[in-house]
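Everything below concerns the one structure shown next.
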2 protein chains.
Amino acid sequence: MAVAGRTTIRDVAAAAGVSPTTVSHALNGKGRIDPRTRARIQRTAERLGYQANRIARGLRSGRYGVQALWLPIEQDAASSDALTLDYYMRLASAMTKAFFTRGDVVMLIPPVGSSEKLVPLPTDGAIVVDPYDDDPRLAALRRLDIPTVTIERNPIDPDDPWCVASDTGDEIETLLEHLDSEGAERIALLVPEAMGAWSKEQREAYRTWSQRHGRDSLTRSLSLHSAFESADRAVRSLLMARPRPDAIVIGAERFVPGTMHAVADAGLSVPGDLLVAVAVDGNHARSSTPPLTAVDLQPERQAVAAAELLWRRLDGEEPQGQRTIPVILKVRESSRRQPGGARATGRAIDAGAADL
Amino acid sequence: MAVAGRTTIRDVAAAAGVSPTTVSHALNGKGRIDPRTRARIQRTAERLGYQANRIARGLRSGRYGVQALWLPIEQDAASSDALTLDYYMRLASAMTKAFFTRGDVVMLIPPVGSSEKLVPLPTDGAIVVDPYDDDPRLAALRRLDIPTVTIERNPIDPDDPWCVASDTGDEIETLLEHLDSEGAERIALLVPEAMGAWSKEQREAYRTWSQRHGRDSLTRSLSLHSAFESADRAVRSLLMARPRPDAIVIGAERFVPGTMHAVADAGLSVPGDLLVAVAVDGNHARSSTPPLTAVDLQPERQAVAAAELLWRRLDGEEPQGQRTIPVILKVRESSRRQPGGARATGRAIDAGAADL
DNA sequence: TGTCGTTGACAAATCGATTTTGGTCAAGGA
DNA sequence: TCCTTGACCAAAATCGATTTGTCAACGACA
């Protein structure tokens with residue numbers, strides 16, 4: 001259909017007065033060919049607008065030129081839910097761009113319940129984002145023998161070298177240091193319960209920092225499923241404690257609305273009575289009122305790193321250890337001690353300088 | 001690589017004691033085959049875990065089993081920006097699922113500046129979302145002779161039957177009727193300037209309704225580029241007018257933060273002093289404070305309709321006219337006249353019933 | 001002069017499926 | 001008995017590129 005009438009290697013061969021073999025060699029720099037012949041063939045191909053048919057090429061070479069991107073699945077919840085997080089969108093977008101630089105295209109894997117159905121995956125490799133314990137995605141890909149790179153560590157195998165990880169320790173530490181420098185003394189942490197190496201590392205880093213600074217550990221592990229209610233409840237109870245926390249670090253975007261609701265309901269203001277910061281940046285943080293301090297995980301850099309790693313793996317090269325992507329703290333109004341008419345100012349600064 | 005050792009049609013043929021031809025026919029229901037033979041072959045294929053190699057199949061049949069999804073490009077702005085809108089995320093997710101029901105996979109097209117580079121698109125067809133005037137995406141696809149379906153009308157050719165459109169007229173009307181029934185008398189409209197049939201239709205529907213009801217037209221066309229500033233400015237000036245508007249319909253998600261900022265800055269409360277509603281639903285509307293009344297465009301249904309249309313087009317069938325997808329009004333706190341302690345209630349209702 | 005190595009190009013095999021074309025065998029009719 | 005006819009299956013062609021194997025021409029060198 002789309003193929004009808006496309007110029008083939010045979011057309012080029014005929015036009016240049018050589019054999020298809022020679023054309024292939026000339027364009028791919030493979031065989032021994034007279035430089036003049038090569039140049040002539042290249043010109044001819046150019047003139048005819050010849051583009052190798054990826055399918056035919058793939059059939060022979062065994063490479064599809066397609067990479068799979070597998071975002072986290074909600075096993076139970078409305079499955080389109082996960083995708084609405086804008087970190088994942090940025091990641092998906094960046095990933096398509098990163099792969100495209102070398103001609104590969106990215107295919108999205110739909111959230112399928114039974115991993116059986118997706119067997120015939122026309123893909124060379126795959127990127128799995130935020131793997132969790134006993135992740136069926138990894139199992140399926142292993143069964144299909146599809147080379148895989150993960151973004152964030154696989155909790156089952158945290159040392160797997162084919163992995164791009166963000167510097168979670170540094171992330172939490174940065175957040176805590178920042179809140180500390182703004183005067184916070186009792187900092188609480190909300191994290192998703194279990195699942196994924198990422199939240200484990202958050203918890204761990206938080207505990208370490210708290211111990212080192214002689215602070216109490218105020219961790220609440222929440223369900224991502226009923227995110228609003230669980231965050232609301234947890235924050236409500238946190239705010240009733242005496243002494244009351246004076247800062248909250250929110251580990252996942254989905255806990256934000258519940259948290260803000262509980263805070264408002266308790267009659268507290270942000271940042272006046274309580275500093276707030278989020279572990280994942282995005283539109284939601286920028287456009288919240290007040291704008292929320294957040295950590296940019298740099299999905300664009302993660303994407304590039306993951307693509308490079310996957311290409312290396314596909315080429316059969318040796319692993320060189322995990323890639324760690326640094327994080328960037330975006331300070332916004334929600335964590336600035338200065339009170340008063342700062343709102344407008346905060347917005348302006350935010351929109352002008354700090355944001356991508 | 002991923003192909004190594006995969007069982008081929010030949011393996012199945014050998015195991016079942018027939019020819020590859022017969023296996024192909026048996027599994028695809030093509031030729032005339034003894035039902036018992038067919039069953040035996042199917043069992044054998046099953047046992048061996050045989051899955052047709054999509055590349056080989058594609059080479060012969062001319063079908064790739066891959067469809068392209070092309071979300072709107074920001075020509076100037078940071079390109080990952082567009083993708084962070086969660087309507088597009090839901091759409092992308094739903095699209096992968098819709099196509100997957102018939103074995104097709106969806107490939108994301110990266111936002112490329114020069115449309116030249118993407119020539120060798122290994123794709124059967126394409127979905128273009130929100131086409132705008134002289135859209136380079138449509139031009140590129142036409143040049144490549146790739147059958148295309150658009151989501152929302154092509155402003156250049158609004159009657160193109162290969163199109164899934166949301167019922168914009170109904171959308172705006174529904175919003176206006178709702179606000180009207182809540183007592184609003186001067187309703188303003190913020191829309192993106194030019195570009196895309198969608199905003200044109202919004203403007204048109206708004207004007208029609210206003211005339212019919214003898215209301216003033218209060219339209220502001222804003223730049224999507226500096227969305228925050230332009231919305232902020234526009235709303236500020238709207239709110240200074242006397243008589244002051246008592247309701248605002250926001251035509252695009254990106255105008256929300258600027259609008260809310262201007263409203264708060266003017267010392268007005270929502271919904272107490274001003275009713276607010278948004279034309280596109282999403283997380284942003286649900287988790288805003290207060291939660292915003294919005295229109296759900298039902299991207300899931302759009303996706304299914306688009307997939308069906310594209311398949312039809314690929315099969316060479318005749319167009320049957322555009323598909324119109326109805327919209328659903330999600331009423332939330334931002335447009336409810338009832339004042340007072342409704343916030344908690346509003347949230348609860350919202351999370352429980354109204355939301356997907 | 002004859003042999004060998006090198007260069008430059010091409011024919012043919014290959015990838016794994018689908019599609020087209022044949023071919024065999026049994027049943028049924030003349 | 002011979003000829004159709006239909007049912008069932010297989011051989012071969014095909015898709016468009018890459019890879020392998022072959023071969024002629026030419027110089028260099030013994």
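Order of the sequence lines fixes the chain letters, A, B, ..., with proteins taken first and strands second; residue numbering starts at 1 for each chain.
Atom CD of A:Glu46 is surrounded by 12 or fewer heavy atoms from other residues, nucleotides or ligands within 6.0 Å.
Taking side-chain N and O atoms only, B:Lys30 has a distance below 4.0 Å to OP1 or OP2 of C:dT19. Using a 4.0 Å cut-off, no side-chain N or O of B:Thr21 falls inside it from OP1 or OP2 of D:dA11. Under 4.0 angstrom from either OP1 or OP2 of C:dG8 there lies no side-chain N or O belonging to A:Thr22. Residue B:Tyr50 places none of its side-chain N or O atoms closer than 4.0 Å to OP1 or OP2 of C:dG16. Distances shorter than 4.0 Å separate some side-chain N or O of A:Asn28 from OP1 or OP2 on D:dT18.
Looking at heavy-atom distances under 4.0 Å, A:Thr8 makes contact with sugar-phosphate atoms alone, never a base. At the heavy-atom level, B:Arg57 lies under 4.0 Å from the strands shown only through sugar-phosphate atoms. Counting non-hydrogen atoms under 4.0 angstrom, B:Ile33 reaches the backbone sugars and phosphates but no base. Counting any heavy atom pair closer than 4.0 Å across all strands shown, B:Val18 reaches sugar-phosphate atoms only and no base atom.
One can place CG of A:Asn53 at 8 Å from C1' of D:dC15, the figure rounded to the nearest angstrom. Atom P of nucleotide D:dT18 and atom CG of A:Leu59 are separated by 11 Å, given to the nearest angstrom. For the pair B:Asp11 CG and C:dA17 C1', the computed distance is 13 Å after rounding to whole Å. In this structure, CZ of A:Arg54 is placed 13 Å from C1' of D:dA17, rounded to the nearest angstrom. The interatomic distance linking B:Arg36 (CZ) with D:dA7 (P) rounds to 15 Å, in whole Å. The CD1 atom of A:Ile55 sits 15 Å away from the C1' atom of D:dT14 (whole-angstrom rounding). A straight line from CD of A:Gln51 to P of D:dT18 spans 12 Å, rounded to a whole angstrom. Between the C1' atom of C:dG16 and the CZ atom of B:Arg60 lies a distance of 12 Å, rounded to the nearest Å.
In this structure, B:Ile325 and B:Ala305 approach most closely via the heavy-atom pair CD1-CB, 3.9 Å.
For the salt bridge (Lys or Arg N to Asp or Glu O under 4.0 Å) with B:Arg137, the lone residue among B:Asp134, B:Asp135, B:Asp133 that qualifies is B:Asp135. Applying side chain to side chain contact (heavy atoms under 4.5 Å, CB included) to B:Gln67 and the options B:Val105, B:Ile146, B:Asp124, B:Thr96 leaves one that passes, B:Asp124.
Comparing B:Pro20 and A:Ala56 along DNA chain D, the residue whose closest nucleotide (by nearest heavy atom) sits nearer the 5' end is B:Pro20. Judged by closest nucleotide on DNA chain D, B:Asp34 is the one of A:Ser24 and B:Asp34 placed further toward the 5' end.
In terms of modelled atom types and a separation under 3.5 Å, the side chain of A:Asp315 and the main chain of A:Glu317 share no donor-acceptor contact.
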Where do B:Thr21 and B:Ser24 land on the side-chain hydrogen bond (donor to acceptor under 3.5 Å, both in side chains) test, with the steps shown first? CA-CA 5 Å; B:Thr21 308; B:Ser24 174; over 6 Å; no
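Here the nucleotide nearest the side chain of A:Thr37, chosen from D:dA17, C:dA17, C:dA9, is C:dA9. For B:Ser19, counting side-chain heavy atoms from C-beta on, the closest listed nucleotide (D:dA17, D:dA10, D:dT19) is D:dA10.
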